[in-house]
> 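Okay, handing you the structure first.
Lettering of chains follows the sequences in order, A, B, ..., and the numbering in each one begins at 1.
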Amino acid sequence: MPPKKKARVSKTSAKSGKINDIEGTSAAGRKWKAAAPVKKTGEGSQSAGSAIFTCWLMKSEPESRFENGIDVKFGIEDLKALPDQTGCWDGVRNYQARNFMRQMKEGQQAFFYHSNCKEPGIAGIMTIVKEAYVDHTQFDKKDVHYDASCKPDNPKWSMVDVQFQRTMKRFLPLSELKKYHLQHGANGGPLKDMALFTRARLSVQPLTAEEFDFILSLEDKEPL
DNA sequence: GCCAACGTTGGC
DNA sequence: GCCAACGTTGGC
């Protein structure tokens with residue numbers, strides 16, 4: 001069961017929702033050396049020592065790419081085109097990314113990031129509309145992200161439902177975010193520890209409120 | 001298409 | 001539980 005690609009959201013909107021959160025055997029959810037400023041869990045229901053995150057970034061590929069004969073393309077326009085502009089973020093096959101999805105709460109916001117494409121960057125914002133539940137595609141032999149090691153009585157992978165909120169006022173390219181990241185490394189600005197750069201391969205990542213707000217503020221600025 | 005970074009697997 | 005080999009991610 002090789003780890004698979006990034007998420008692809010399928011056209012299911014409101015499948016029968018079993019609020020079935022599997023226990024968190026994070027077999028591989030090992031050491032993640034808190035790169036991001038870790039907000040101390042003040043009052044949350046998180047176990048001691050883990051941070052509470054409220055903002056997210058989720059990657060998906062907006063350009064066609066075929067994997068086992070199946071196109072994994074899913075950009076923000078594809079989400080927008082779904083009924084109710086809502087889809088499930090299935091196909092995540094990485095423990096850390098999965099665990100972050102399991103921390104997501106209804107109503108929280110996530111950036112929709114376009115990866116593996118001509119112009120990588122942040123395309124828009126979506127809202128978490130359903131908290132983590134079993135990702136049914138792990139059992140589906142026809143699915144790109146089928147995981148033969150998973151059985152319905154012992155699922156491994158979760159997904160959340162997301163709803164399109166809006167596109168960014170202007171697309172925020174990775175190249176620009178990186179310039180700020182580098183600049184902030186020198187001057188201590190808000191993007192100095194951004195997971196997009198410190199944990200490049202993570203497809204679902206947390207942002208601090210400071211990071212999120214700073215990125216939002218870029219919409220009204222000239223491109224760097 | 002290349003390839004560096006890094007997560008996962010499996011032997012020991 | 002270590003760690004080398006392997007496979008994937010994703011920018012360039």
> Kindly write out the residues that satisfy side chain to side chain contact (heavy atoms under 4.5 Å, CB included) with A/N68, not counting sequence neighbours, or none if the list is empty.
A/V144
> Taking atom types as modelled, is there a side-chain donor on A/R93 or A/Q138 under 3.5 Å from an acceptor on the other?
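No, no side-chain donor-acceptor contact under 3.5 Å.
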> Considering every strand and a 4.0 Å limit on heavy-atom distances, what is the contact class for A/K118: base, sugar-phosphate, or nothing?
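Nothing: the residue A/K118, judged by heavy atoms under 4.0 Å, touches no strand.
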> Would you mind reading off the distance between A/R98 atom CZ and B/dT8 atom C1', rounded to a whole angstrom?
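Checked: the CZ to C1' distance equals 14 Å.
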> Any protein N or O atoms within reach of nucleotides 3-5 of chain B? Criterion: under 3.5 Å, listing atom names and distances.
unit_1	atom_1	unit_2	atom_2	d
B/dA5	N3	A/R201	NH1	3.2

> Can you list the residues that meet the side-chain hydrogen bond (donor to acceptor under 3.5 Å, both in side chains) rule with A/D153, with sequence neighbours excluded?
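Not a single residue meets the side-chain hydrogen bond (donor to acceptor under 3.5 Å, both in side chains) criterion with A/D153.
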> Is the distance from OP1 or OP2 of B/dT8 to the nearest side-chain N or O of A/N94 less than 4.0 Å?
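Yes, such a contact exists.
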> Quick one: A/K178 NZ to C/dC12 P, roughly how many Å, whole number?
4 Å
> Expressed in angstrom and rounded to an integer, what is the separation of A/N116 atom CG from B/dC2 atom P?
15 Å
> Should A/Y113 be listed as having a side-chain N or O under 4.0 Å from OP1 or OP2 of C/dG11?
yes
> Which residues pass the salt bridge (charged side-chain N to carboxylate O under 4.0 Å, His left out) test with A/E77, sequence neighbours left out?
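With neighbours one apart ignored, the set is empty.
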> At under 4.0 Å between heavy atoms, what does A/F197 touch on the DNA or RNA strands: base, sugar-phosphate, or nothing?
nothing
> How would you list, by chain and number, every residue that makes a side-chain hydrogen bond (donor to acceptor under 3.5 Å, both in side chains) with A/Q109, sequence neighbours excluded?
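Residues passing side-chain hydrogen bond (donor to acceptor under 3.5 Å, both in side chains) with A/Q109: A/Q165.
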> My understanding is that only residues two or more places apart in sequence, or in another chain, count here; which of them pass side-chain hydrogen bond (donor to acceptor under 3.5 Å, both in side chains) with A/S64?
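A/D71.
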> Strictly below 4.0 Å: does A/K59 bring a side-chain N or O up to OP1 or OP2 of C/dG11?
no
> With pairs defined as Watson-Crick or G-U wobble and both distances under 3.5 angstrom, please note down DNA chain C as a dot-bracket string, | for pairing with another strand.
||||||||||||
> With a 3.5 Å distance limit and no angle check, can you tell me whether A/R102 reaches the backbone of A/M159 through a side-chain donor-acceptor pair?
no
> Excluding sequence neighbours, so at least two apart, what forms salt bridge (charged side-chain N to carboxylate O under 4.0 Å, His left out) with A/K169?
A/D220
> Would you say C/dT8 has OP1 or OP2 under 4.0 Å from some side-chain N or O of A/R93?
no
> Check the distance between C/dG10's P and A/L202's CG and give it to me in whole angstrom.
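Taking atom P of C/dG10 as the reference, CG of A/L202 is at 9 Å.
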> Please name all residues satisfying salt bridge (charged side-chain N to carboxylate O under 4.0 Å, His left out) with A/D140, sequence neighbours left out, ordered by chain then number.
none
> In whole angstrom, what separates A/E176's CD from C/dC12's P?
14 Å
